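Each chain gets a letter, A, B and so on, in the order its sequence line appears, and its residues count up from 1. A quick note: this is a predicted structure, and the numbers were derived from the prediction, not measured.
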Protein chains: 2
Amino acid sequence: MKQEEIIKKMEEREVQASFHRIKILEYLMKHRTHPTVDDIYKGLSSEIPTLSKTTVYNTLKVLVDKNIISIVTTEEDEARYDYSEEMHLHFKCKQCGNLYDIFHKCEILKQKEIEGHLIEEHHIYFRGICKKCRKEIKK
Amino acid sequence: MKQEEIIKKMEEREVQASFHRIKILEYLMKHRTHPTVDDIYKGLSSEIPTLSKTTVYNTLKVLVDKNIISIVTTEEDEARYDYSEEMHLHFKCKQCGNLYDIFHKCEILKQKEIEGHLIEEHHIYFRGICKKCRKEIKK
DNA sequence: GTATCTGCAAAACATTTGCAATTCT
DNA sequence: AGAATTGCAAATGTTTTGCAGATAC
């Protein structure tokens with residue numbers, strides 16, 4: 001995605017597009033690996049040596065608040081962040097620890113309401129044994 | 001639930017039923033409010049003055065490992081624990097902060113496999129505005 | 001020129017660990 | 001006696017906060 005588009009996206013959601021913020025959002029767009037704060041910080045610090053972790057925290061908070069990115073809800077204690085335009089769900093393998101994106105059409109993802117409550121965010125997360133590890137076990 | 005039944009449940013899952021462990025599991029069975037470690041600790045410390053938080057942590061870890069209880073996956077940084085025999089999902093109100101249990105029949109909760117991955121745990125969590133708060137807003 | 005953003009250092013928390021004391025079998 | 005559980009204190013790791021300096025509108 002071009003920088004212009006990133007800036008446009010931020011303006012749409014009323015986030016001031018500073019240099020650091022653009023770089024952090026760009027990182028999330030390029031790395032669809034559910035990075036932690038530390039991943040983002042380390043990934044950008046060679047390019048932006050003056051970057052501080054506080055700024056990463058601040059920026060992520062703003063982006064989450066403005067619904068540009070979301071927090072991946074897992075049982076881990078370190079937060080992971082996710083940029084995606086498409087609704088999807090997550091699967092984590094108990095064996096290899098891999099966190100997969102699942103772009104699966106589920107009725108529940110389309111649901112806007114449940115028992116009278118208005119749904120604004122869907123967080124669907126499965127844990128188990130992934131395809132790869134199942135094959136390994138069979139061997 | 002009677003203490004005997006709690007002990008039976010623990011024996012089934014190969015957890016030694018110590019006094020503290022029974023009390024902690026009992027607390028989780030009685031308080032279906034997704035308590036935090038601190039909630040459990042504070043809730044029991046009047047009854048068990050010698051109880052330490054480390055024991056609460058230890059016990060919860062054992063109970064989760066043996067699939068007697070589960071961790072509620074939210075975006076919060078403090079872990080919440082859940083005892084329930086029935087599969088269900090969670091809804092959190094962005095306004096009042098309430099965390100609701102939703103016992104709703106969803107196809108996805110029955111799914112044992114997705115894209116070749118074996119599902120062992122389903123964590124479904126919605127965020128939005130709850131029924132009550134929606135009514136408040138309309139006023 | 002005033003708002004906002006940034007970054008350092010310190011503080012605040014939740015959670016884990018090491019180890020000794022206690023308890024259970 | 002031997003193994004598992006408990007609990008204190010210290011350590012660890014993540015996230016937040018206060019505040020001063022830099023930057024943007």
Side-chain angles (χ1 to χ4, degrees), chain A residues 3 6-8 10-11 13-28 34-66 68-82 97, chain B residues 3 6-7 10-11 13-27 34-66 68-82 97:
Chain A
Q3 279 225 348
I6 297 171
I7 294 168
K8 198 177 159 193
M10 292 177 91
E11 279 171 356
R13 307 285 176 99
E14 294 172 307
V15 175
Q16 276 195 35
S18 75
F19 173 71
H20 293 80
R21 285 178 177 177
I22 293 165
K23 284 292 172 189
I24 290 166
L25 182 52
E26 192 179 43
Y27 184 94
L28 280 158
H34 322 95
T36 63
V37 170
D38 208 57
D39 294 335
I40 299 166
Y41 174 70
K42 286 201 178 115
L44 288 174
S45 48
S46 58
E47 198 184 341
I48 318 166
T50 61
L51 182 68
S52 87
K53 242 182 197 178
T54 306
T55 299
V56 179
Y57 275 106
N58 286 340
T59 300
L60 291 171
K61 187 168 170 32
V62 171
L63 297 177
V64 169
D65 287 349
K66 299 292 183 177
I68 298 175
I69 61 171
S70 64
I71 298 176
V72 184
T73 56
T74 73
E75 76 297 335
E76 289 169 28
D77 51 358
E78 202 178 352
R80 296 186 168 277
Y81 294 84
D82 201 9
Chain B
Q3 279 225 348
I6 297 171
I7 294 167
M10 293 177 92
E11 280 171 354
R13 308 282 175 102
E14 295 172 307
V15 175
Q16 274 196 35
S18 74
F19 174 71
H20 292 81
R21 286 177 178 176
I22 293 165
K23 283 292 172 191
I24 290 165
L25 181 52
E26 192 179 44
Y27 184 93
H34 322 95
T36 63
V37 170
D38 207 58
D39 294 334
I40 299 166
Y41 173 70
K42 287 202 177 114
L44 288 174
S45 47
S46 58
E47 197 183 341
I48 318 167
T50 62
L51 183 68
S52 87
K53 242 182 196 176
T54 306
T55 299
V56 180
Y57 276 106
N58 286 340
T59 300
L60 292 172
K61 188 169 170 30
V62 171
L63 297 176
V64 169
D65 287 349
K66 300 291 183 176
I68 298 175
I69 62 170
S70 63
I71 298 176
V72 184
T73 56
T74 72
E75 75 298 335
E76 289 169 26
D77 51 0
E78 203 178 352
R80 296 186 169 277
Y81 294 84
D82 201 8

Query raised in the report: Applying a 3.5 Å limit to both distances, which nucleotide forms a Watson-Crick or G-U wobble pair with C/dC8?
Result: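 Matched C/dC8 with D/dG18 under the 3.5 Å cut-off.
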*Which nucleotide, in any strand shown, forms a Watson-Crick or G-U wobble pair with C/dA3, with both distances under 3.5 Å?*
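Looking at the geometry, C/dA3 pairs with no nucleotide.
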Tell me, please, which residues at least two apart from [X] pass salt bridge (Lys or Arg N to Asp or Glu O under 4.0 Å).
| X | answer |
| --- | --- |
| B/R21 | none |
| A/E78 | none |
| B/E76 | B/R80, B/K92 |
| B/E14 | none |

| said: Which residues pass the side-chain contact (heavy atoms from CB on, under 4.5 Å) test with A/I71, not counting sequence neighbours? | reply: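 A/I71: side-chain contact (heavy atoms from CB on, under 4.5 Å) contacts with A/V64, A/Y81, B/E75.
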Q. Can you name the residues that form a side-chain contact (heavy atoms from CB on, under 4.5 Å) with A/S45, not counting sequence neighbours?
A.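 Expected list: none.
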Under a 4.0 Å heavy-atom criterion, the protein footprint on nucleotides 3-18 of chain D, written with B, S and -, is -SSBBBB----SBBB-
Discussion item. Reading DNA chain C in the 5' to 3' direction, which nucleotide is the first one with an atom under 4.0 Å from a heavy atom of chain B, and which is the last?
Written reply: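 Terminal contacting nucleotides, 5' to 3': C/dA14 to C/dT17.
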> Under 3.5 Å, is there a donor-acceptor pair between the B/T55 and B/N58 side chains?
Replying inline: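 Judged by distance alone, the side chains do not pair up.
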- Message: Suppose the criterion is salt bridge (Lys or Arg N to Asp or Glu O under 4.0 Å): which pairs have a residue in residues 46-66 of chain A, not counting sequence neighbours?
- Response: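 Passing the test, one end in residues 46-66 of chain A: A/K23-A/E47, A/D38-A/K53, A/K61-A/D65.
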